[in-house]
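So the structure is just underneath, and the comments pick up after that.
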Amino acid sequence: MRRRGAMVGLIVVVIFLVLAIFAPWIAPYDPIATNFLKVRKPPSIDHWMGTDEIGRDVMSRLIFGARASLQAGVISVLIAVALGVPLGLLSGYAKGWVDSLMMRIVDALLACPFLILAIAMAAFLGPSLTNAMIAIGLTTMPIFIRLVRGQVLAVTVEDYVEAARALGNPHLRIAVRHVLPNIVAPVLVQSTLTIAAAIIAESALSFLGLGQQPPAPSWGSMLNVARQFIGQAPWMSWWPGLAIVAVVLAFNLLGDGLRDALDPKES
Amino acid sequence: MLTYVIRRVLISIPTIIFISIVVFGLQLLLPGDPALALAGEERDPQVIAELRRMYHLDEPIWRQYLIWIGKVLQGDLGESIRLKVSVGELVAAKLPVTIELAAMAMLIAILIGVPAGIVSAVRKETLIDYGANAIGLAGLSIPNFWLGIMMILLFSVHLGWLPASGFVRPSESLSQNLATLIMPAFVLGTGIAAIFMRHTRSAMLAVLRSDYVRTARAKGLREPRVVYRHALRNAIIPVVTLGAIQFGELMGGAVLTEQIFSIPGFGKLVVDAVFNRDYAVVQGVVLCTGTGFIFLNLCADLIYFLVNPRMRG
């Protein structure tokens, strides 16, 4: 059951990746080309998903919008992993006051609601897709610090790590050669699930006007405009929302499946 | 017991100090000269010099923090540049609206999530379980701002049953108040209902495998009694503390929900502040939600400690 779900998730993720990478060849129209003769036209043969408030093709914008969403999901999680994993290793490995201090900082970061902190950071940094990715990356980082630290604490008491230490291996070598390989699986699972959360966060920030700036398309900003025409042009809000749900659901299914496959204790 | 309570309270203090450092540190993210950023449209050098003096921007950064935190501890969160009102007053005015919305959302989340979790654990690996899991996963994957738009489309535009936006205070008309809040509260509650459902399910599954449940069954107790009297009572405790942790999710979700339904609460305050470059308000809101989260967690831990006899030793 779970495995089938994970496969479906993987297929959907690959489809959207292909759409994002080959957007210029797949999209039927230019995503920012306006046409005032075709303002807010419902779905038709020419425009499968209809047109928006200034006559742009919704389907083309949706396909190009996949770029912003996937980019934001992947890059912000890469930022979180690149900062969170070394800090988690340090915290779990150093123990003592370094660990206590880092854990209090992590507690403080986790205490501030994720989205509110991301909004605040995006506000101070200035609205743009890059800054939204930095804000999401920094606010999801503490999850990885805590996860890696927990794994390190569990692994360092294992016999083979004790043995490596007894043989006189330097700390850094033990951390990289013996501890790091053990934390790859949980970090991979958490990354997949965090990509799902990051995609929702990016679309939320873009929805509020703090992410991708117009006229460049993103699903969140498409929804923000669509909301104003909900009575006259409901199709404008159907597709971007369905796209977000499909991608996020796919990453969640993939993450759940990976967890079952990589970590038998959890299932 | 007293030592546990004191220890638990003391451990929250450094966390709150770090929250304040994070909130203060936000202004370091401002690109360029902070005085210019604070001045906004204003380009008068005298005004900028005044701002520099007012916010002690020429002092070293650690002194700026100490001056700021000193004021915060006296209840002075600064002033909204745009509205010329103290941030404390603004927060106090908007908070009750968001608390009402959040409380209704939490109630909806519990009413949906907990029973769904129980049923899917008891009927493990049946169609009901798969169905509940699928709905739960969907609840986690549907962004609440899109769900809000779709509900407005259905209930306001097509059916005309509920107002699409706006807010009526309960003191003006309770029925109107409920009519304006039911849709936003449902939108905000569904994501959390999914989290409740998943946790209740796994907690129930763990408890249903335990020895005392097997004993209860062996005594010949009927299944509903086993489930509700023996299993649920133990499974529900971790789920209750989970409720406190969901506070952050609720506050973050409220920002978007209030935006869609034009509800004048905490979330709308922070979004408006972001667009007006009203940085003191943004910092005030983050500080209040962070501290509120720590306080709620502290309460949850203490309640957990009080209701769970095993922890009292």
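Numbered from 1 within each chain, the chains take letters A, B, ... in sequence-line order. On a predicted model such as this, the values are computed, not experimentally measured, just so you know.
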Relative to chain A, which of [options] shows the most heavy atom pairs under 4.5 Å?
options                                : answer
B:Leu287, B:Ile260, B:Val285           : B:Ile260
B:Val23, B:Ile21, B:Leu296, B:Val255   : B:Val255
B:Pro143, B:Gly253, B:Ala254           : B:Pro143
B:Leu250, B:Asn297, B:Ile142, B:Leu256 : B:Leu256
B:Ile149, B:Val157, B:Val282           : B:Ile149

Check the pair B:Trp146, A:Leu223 against side-chain contact (heavy atoms from CB on, under 4.5 Å), reporting the backbone distance first and the verdict last.
CA-CA 8 Å; B:Trp146 185 60; A:Leu223 276 176; 3.5 Å; yes
Rounded distance (nearest 0.5 Å) linking atom [atom1] of [X] with atom [atom2] of [Y]:
X        : Y        : atom1 : atom2 : answer
A:Leu193 : B:Leu140 : CG    : CG    : 10.0 Å
A:Leu110 : B:Ile19  : CG    : CD1   : 10.0 Å
B:Ile294 : A:Asp107 : CD1   : CG    : 6.5 Å
A:Asn252 : B:Leu137 : CG    : CG    : 5.5 Å
A:Leu117 : B:Leu26  : CG    : CG    : 6.5 Å

Where on B:Ala138 is there a heavy atom nearer than 4.5 Å to chain A: the side chain, the backbone, both, or neither?
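The backbone, not the side chain.
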Under 4.5 Å heavy-atom distance to chain A, tell me which part of B:Leu147 shows up: side chain, backbone, both or neither.
neither
In terms of heavy-atom contacts, does [atom1] of [X] have more than 12 from other residues, nucleotides or ligands at under 6.0 Å?
X        : atom1 : answer
A:Phe64  : CZ    : yes
B:Arg8   : CZ    : yes
A:Phe229 : CZ    : yes

Which residues in [range] have a heavy atom less than 4.5 Å from any heavy atom of chain B?
range                       : answer
residues 207-217 of chain A : A:Phe207, A:Leu208, A:Gly209, A:Leu210
residues 124-147 of chain A : A:Phe124, A:Leu125
residues 239-251 of chain A : A:Gly241, A:Leu242, A:Ile244, A:Val245, A:Val248, A:Leu249

Given the options A:Gly220, A:Ala108, A:Ala120, which has more heavy-atom pairs under 4.5 Å with chain B than any of the others?
A:Ala108
Using a cut-off of under 4.5 Å for heavy-atom pairs, which of A:Ala197, A:Ser203, A:Ala122, A:Ala118 has the most such pairs with chain B?
A:Ser203
From CA spacing to verdict: side-chain contact (heavy atoms from CB on, under 4.5 Å), A:Arg104, B:Ile11:
CA-CA 9 Å; A:Arg104 291 289 84 75; B:Ile11 217 170; 4.2 Å; yes
Could you tell me which residues satisfy side-chain contact (heavy atoms from CB on, under 4.5 Å) with B:Ile13, sequence neighbours excluded, listed by chain and number?
B:Leu10, B:Ile17
Audit row: B:Phe18, A:Leu101, side-chain contact (heavy atoms from CB on, under 4.5 Å) steps and yes/no
CA-CA 10 Å; B:Phe18 280 118; A:Leu101 181 73; 3.4 Å; yes
Heavy-atom contact with chain B under 4.5 Å, split by part of A:Ala204
both
Might you point out which heavy atoms bring B:Gln259 and A:Arg227 nearest each other, and give the distance in Å?
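What the structure gives for the nearest pair is O-NH1, 3.3 Å.
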Which atom names give the shortest non-hydrogen contact between B:Gly252 and A:Ile116, and what distance separates them?
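Looking at all heavy atoms of both residues, the closest pair is CA-CG1, 4.1 Å.
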How far apart are the C-alpha atoms of A:Trp238 and B:Leu153, what are their side-chain angles, what is the distance that settles it, and do they pass the side-chain contact (heavy atoms from CB on, under 4.5 Å) test?
CA-CA 10 Å; A:Trp238 295 341; B:Leu153 186 60; 3.6 Å; yes
